[in-house]
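Below: one structure, written as structure tokens.
Chain identifiers are assigned alphabetically (A, B, ...) following the order of the sequence lines, protein sequences preceding nucleic acid strands; residue numbering begins at 1 within each chain.
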2 protein chains.
Amino acid sequence: MTLEKLTPSRHSPSRRRYDDACGTAHALDLIGERWALLVMRELMLGPKRFSEIRADLPGISANTLTQRLEGLEATGLVVRRRLPPPASAQVYELTQWGYEAEPIIQTMGRWATRSPAHDPTMPLSATSLMMSFRTMGDPARMAGFCARIGFSIGEETFLVRISSRGVDVERAPIAGAEVVFAGAATAIAGAVYGGVPVAELEEEGALEVKGDRTLAERFTALFPLPPKAGAHP
Amino acid sequence: MTLEKLTPSRHSPSRRRYDDACGTAHALDLIGERWALLVMRELMLGPKRFSEIRADLPGISANTLTQRLEGLEATGLVVRRRLPPPASAQVYELTQWGYEAEPIIQTMGRWATRSPAHDPTMPLSATSLMMSFRTMGDPARMAGFCARIGFSIGEETFLVRISSRGVDVERAPIAGAEVVFAGAATAIAGAVYGGVPVAELEEEGALEVKGDRTLAERFTALFPLPPKAGAHP
DNA sequence: CGGCATCCGGGAAGATACTG
DNA sequence: CAGTATCTTCCCGGATGCCG
């Protein structure tokens, strides 16, 4: 058997690409692999470390995360950076072009909330919750609403500013916020998307609201979910 | 060995889902499998038969296409319909909710054209070319432009109407078009996106333009590609 | 011919354990 | 903490064959 199978070791003549000039197909070549888009989602609010990403992506294996980060770095969507000496840790950060993928994440997220199978009680990362505020805010309900809302989730804090210009979200200290939600992302999602009364969550100890309680109630009503899709041809 | 491996037949305790309440993750559960979104793209301009889809998706296997169509049907994005007796063929059609996925396809397509690796000379289906007109039309350049452009690609014809309300595309007879492009989708893409002069394509026999030639030239200039992304952090 | 069932090979994803 | 090594599972793609 001198004739070994040469083809299999052919290092991927076309590493499973769609050979298609269509932009959508090319996008799938770039970010269509499993987990890729969710890794990018986790970086949308700023750089993160390997283990932070991993912790916020329940179910991804270290192995797969390594591969995705390598791939995204190779295509120019992510850069690996080393923090200055005091905390010389390595972080991953989106490039300019990487950040420009946010509309993809938003469009997909908005569309999927119409799914009858969507279950908003599942685990949720702090980043996805914050991103959802950018995506799901209803302009009509936000008209005339102007507030600074703080969120304290685990070790992180986020500041959400709502104004006539829309929703602005950043990972930042919550100083100056008129009201602060403190608790797990899932609990906050329950109040905003699940229709669970804030008071009830507080009784359960799942959520703590500090500051203007009325403002908190009004905030939770700004993000209506669209009607579920039926099987209409 | 009475102990057979029971786990493999375990009908997917969690058939590789992201257990994540985030809408984006759920969207990936619905349409994140390989080929799924491209199958939907091919149906965006109306119902198609199995073999039409297959022919327009170079590289998909019959097996995989069957699986994707079954999956999309199960989730309520596609319905299978039988045409009335004269041509009693089976076709696949998007549901209302399926059609609502078009912004996802557009957003991804627009984003990916910034990729340095994007190669617009690859094969392209007629549907993706038509969809790209909806996506890539530049409002500034279309201002005051009003025309009906016909396309004859293989067996199919498409009618594109450009007006102050934007770009409208449908699979329809080309009667009433002021100008008609006849040729392969790749050739037309060369004229519109590749900057190849129409006259040159005609000399090669790759394209035929019938009607208002000046209008044809103006049309090809309506769809500018965005600048390529650099690796800017 | 259109669509589906089945088998097979390769490779991606997942789980676990281990190392600098 | 930040990954690597290894093994298993299972998805994808190709080929073939059945059946309407």
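Going from atom CD of B:Glu70 over to atom P of C:dT6 covers 12 Å, rounded to whole Å. For the pair B:Leu38 CG and D:dG13 P, the computed distance is 11 Å after rounding to whole Å. Atom CG of B:Asp29 and atom P of C:dA13 are 15 Å apart (whole Å). Between the CD atom of B:Glu33 and the C1' atom of D:dC10 there is a distance of 12 Å, rounded to whole Å. In this structure, A:Arg82 atom CZ and D:dG3 atom C1' are separated by 12 Å, rounded to whole Å. Between A:Phe50 atom CZ and D:dT4 atom C1' the separation is 10 Å, expressed in whole Å. Note: CD1 (B:Ile53) to C1' (C:dG2) measures 12 Å, nearest angstrom. Rounded to a whole Å, the NZ atom of A:Lys48 is 16 Å from the C1' atom of D:dA2.
Here the nucleotide nearest the side chain of A:Ser61, chosen from D:dC1, D:dG13, C:dG14, is C:dG14. Set against D:dA2, D:dC12, C:dG2, the side chain of B:Arg34 has D:dC12 as its closest nucleotide. If you check C:dG3, D:dC12, D:dG3 against the side chain of B:Arg80, the one that comes closest is C:dG3. Side-chain atoms of A:Ala62 lie closest to D:dT4 of the nucleotides C:dG14, C:dG3, D:dT4.
With no hydrogens or angles considered, no side-chain donor-acceptor pair links B:Ser132 and B:Thr135 at under 3.5 Å. A donor atom on one side chain and an acceptor atom on the other are found under 3.5 Å apart for B:Thr121 and B:Asp119.
Checking the phosphate oxygens (OP1, OP2) of D:dG13, a side-chain nitrogen or oxygen of B:Thr64 falls inside 4.0 Å. Phosphate contact (OP1/OP2 of D:dG3, side-chain N/O of A:Gln67, threshold under 4.0 Å): absent. An OP1 or OP2 oxygen of C:dG3 is reached within less than 4.0 angstrom by a side-chain nitrogen or oxygen of B:Gln90. Phosphate contact (OP1/OP2 of D:dC12, side-chain N/O of B:Arg68, threshold under 4.0 Å): present.
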Would A:Lys48 and A:Asp56 count as a salt bridge (Lys or Arg N to Asp or Glu O under 4.0 Å) here? Give the steps. CA-CA 10 Å; A:Lys48 274 191 180 178; A:Asp56 289 335; 2.8 Å; yes
Check against salt bridge (Lys or Arg N to Asp or Glu O under 4.0 Å), B:Arg161 and B:Glu170: CA-CA 9 Å; B:Arg161 278 189 298 259; B:Glu170 60 179 327; 3.1 Å; yes
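Each of A:Tyr92 and A:Tyr18 lies near DNA chain D, and the nucleotide nearest A:Tyr92 is the one positioned closer to the 5' end. When each of B:Val91 and A:Trp35 is assigned the nucleotide of DNA chain C with its nearest heavy atom, B:Val91 is the one assigned upstream, toward the 5' end.
Ion pairing between B:Arg134 and B:Glu102 holds under the 4.0 Å rule for side-chain N and carboxylate O.
B:Arg54 comes within 4.0 angstrom of no nucleic acid atom, judged by non-hydrogen atoms across all strands.
For C:dT6, the base has a donor-acceptor partner in the side chain of B:Asn63 [N/O atoms by modelled type, under 3.5 angstrom].
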